[in-house]
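Both ligands and their constituent atoms are indexed starting at 1 by order of listing.
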Amino acid sequence: MSDVSPNRDQMELWNKASGEAWVDMQVLLDRMLEPFGRLVVDAGYPGEGGQALDIGCGCGATTLAMARRVGAGGRCVGLDISRPLIAAARRRAVAEGIENASFVEGDAQTYALDQGRYDAVISRFGVMFFDDPVAAFANIRRGVRPGAKLTFAAWRSPAENEFMTTAVRAAAPLLPPMPTPNSDAPGQFAFADGSRVTSILEASGWSKVQLHQADVPCRMSEADLMTYATRLGPVGAALRELDRNTAEKVIEALHPAFAPFVEAGYAQFTAACWLAEAWA
Ligand SMILES: C[S@@+](CC[C@H](N)C(=O)[O-])C[C@H]1O[C@@H](n2cnc3c(N)ncnc32)[C@H](O)[C@@H]1O
């Protein structure tokens with residue numbers, strides 16, 4: 001970790017390539033991730049009039065869902081490091097006429113939250129990207145009142161999420177060797193190891209940590225599948241750099257690789273995540 005500029009790589013990624021892809025693919029991703037949002041909002045609901053904070057809120061789907069749940073007397077604030085995603089979330093709140101949701105651009109690891117303000121913290125896949133997760137969860141904890149609840153969803157291992165790693169496996173023979181990332185490094189699968197997640201939460205002052213395995217049936221239309229496979233993750237990043245000939249070969253390799261998941265126009269798969277709960 002750098003003392004000077006925490007989360008610099010992730011900030012760059014989410015403000016450029018990944019952020020742009022998530023804004024463009026908002027509808028597709030929200031459709032795919034909707035069941036996880038429901039899990040998090042149901043488990044993290046602080047009651048009518050509650051004050052909630054949504055970490056790594058992206059385009060704001062869960063922030064808006066929680067704002068609706070807590071009602072006009074409550075509020076949900078979305079915090080995200082990505083300017084384009086925060087801008088998209090704000091546009092969406094206006095378009096949907098939701099006045100008790102607001103959005104803040106900032107790094108959850110360092111952002112100066114109002115101390116003791118929140119009754120609940122939620123996140124749908126927005127907490128796996130910190131270079132110092134203990135510092136980040138300790139910072140988030142400063143923003144909540146005693147007894148407040150933290151609820152988030154984070155992916156379990158790549159081996160348990162075969163669908164999500166299909167594109168990488170199919171493209172690997174056509175790409176220059178990719179360095180094997182440290183499994184604890186910030187990224188999609190950084191929280192795969194449940195005992196590590198529990199240690200991080202306990203070390204940052206959260207108590208009664210509980211991790212539940214959630215295996216969630218998901219589906220996306222075949223039309224969305226290729227957008228998903230070619231724009232996100234390491235293959236999306238590689239395709240942005242590759243020459244046209246190799247890029248076409250990669251895309252050709254993706255079709256048969258995903259075929260086992262496709263039936264009657266839809267890709268169907270089970271996604272494996274943790275539903276984490278802890279209390280301040
Ligand atoms: C996988 S996306 C999930 C977005 C959103 N929660 C959703 O479910 O649609 C991860 C989000 O975490 C945000 N993020 C990454 N690092 C962050 C940090 N240090 N502080 C705040 N947000 C961060 C990214 O900008 C991105 O919006």
Side-chain angles (χ1 to χ4, degrees), residues 1-2 5-41 44 52-67 76-90 92-93 101 103-113 121-140 143 150-155 161 164 185-192 200 204 214 216 218 220 228 231-234 236-237 271 273-276:
M1 173 202 154
S2 152
S5 179
N7 299 317
R8 202 184 47 194
D9 293 349
Q10 292 294 324
M11 189 182 295
E12 162 96 11
L13 205 59
W14 289 104
N15 275 284
K16 296 205 174 132
S18 294
E20 284 157 17
W22 274 70
V23 171
D24 291 350
M25 294 168 64
Q26 178 200 326
V27 172
L28 183 168
L29 288 167
D30 278 342
R31 249 196 318 253
M32 174 181 157
L33 298 178
E34 195 273 337
F36 303 94
R38 214 170 334 117
L39 274 180
V40 167
V41 171
L53 173 67
D54 184 1
I55 302 291
C57 64
C59 290
T62 45
T63 321
L64 299 180
M66 183 58 98
C76 189
V77 176
L79 173 64
D80 201 286
I81 204 167
S82 165
R83 182 163 295 184
L85 285 171
I86 285 290
R90 286 185 179 136
R92 196 168 175 190
F103 296 93
V104 176
E105 182 190 335
D107 181 343
Q109 189 171 313
T110 53
Y111 186 79
L113 294 161
V121 178
I122 59 165
S123 181
R124 183 179 76 177
F125 306 120
V127 292
M128 302 90 80
F129 305 95
F130 308 129
D131 59 13
D132 187 341
V134 172
F137 280 100
N139 186 49
I140 292 165
L150 166 71
T151 310
F152 64 79
W155 299 116
N161 283 293
M164 280 172 222
Q188 182 181 12
F189 292 113
F191 276 14
I200 288 169
S204 52
V216 179
C218 296
M220 72 173 68
Y228 167 85
R231 292 227 40 206
L232 294 183
C273 75
W274 298 116
L275 181 68

**Q** Below 30° counts as parallel, above 60° as perpendicular, anything between as tilted: where do the rings of Phe130 and Phe137 land?
**A**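 The arrangement is perpendicular - the two ring planes meet at more than 60°.
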**Q** Do the charged groups of Lys16 and Glu20 touch, with an N to O distance under 4.0 Å?
**A**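 No salt bridge links Lys16 with Glu20.
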**Q** N or O contacts of ligand 1 with protein under 3.5 Å, please list pair by pair.
**A**
from: ligand 1; atom 1: 6 (N); to: Gly56; atom 2: O; distance (Å): 2.7
from: ligand 1; atom 1: 6 (N); to: Arg124; atom 2: O; distance (Å): 2.8
from: ligand 1; atom 1: 8 (O); to: Arg124; atom 2: O; distance (Å): 3.1
from: ligand 1; atom 1: 8 (O); to: Arg124; atom 2: NE; distance (Å): 2.6
from: ligand 1; atom 1: 8 (O); to: Arg124; atom 2: NH2; distance (Å): 3.3
from: ligand 1; atom 1: 9 (O); to: Arg124; atom 2: NH2; distance (Å): 3.0
from: ligand 1; atom 1: 19 (N); to: Asp107; atom 2: OD1; distance (Å): 2.8
from: ligand 1; atom 1: 20 (N); to: Ala108; atom 2: N; distance (Å): 2.9
from: ligand 1; atom 1: 22 (N); to: Ile81; atom 2: N; distance (Å): 3.2
from: ligand 1; atom 1: 25 (O); to: Asp80; atom 2: OD1; distance (Å): 2.5
from: ligand 1; atom 1: 27 (O); to: Asp80; atom 2: OD1; distance (Å): 3.4
from: ligand 1; atom 1: 27 (O); to: Asp80; atom 2: OD2; distance (Å): 2.6

**Q** Report yes if the distance between the aromatic ring centroids of Phe129 and Trp14 is under 6.0 Å, otherwise no.
**A**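 Ring-ring flag for Phe129/Trp14: true, centres closer than 6.0 Å.
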**Q** Compute the ring centroids of Trp155 and Phe125, then answer whether they are less than 6.0 Å apart.
**A**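 Between Trp155 and Phe125, the centre distance is under 6.0 Å.
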**Q** Should Arg8 and Asp107 count as an ion pair when the cut-off is N to O under 4.0 Å?
**A**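 Here Arg8 does not pair with Asp107 in a salt bridge, since their nearest N and O are not under 4.0 Å apart.
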**Q** Does some side-chain heavy atom of Phe189 sit less than 4.5 Å from a side-chain heavy atom of Asn161?
**A**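 The answer is yes; the side chains approach within 4.5 Å.
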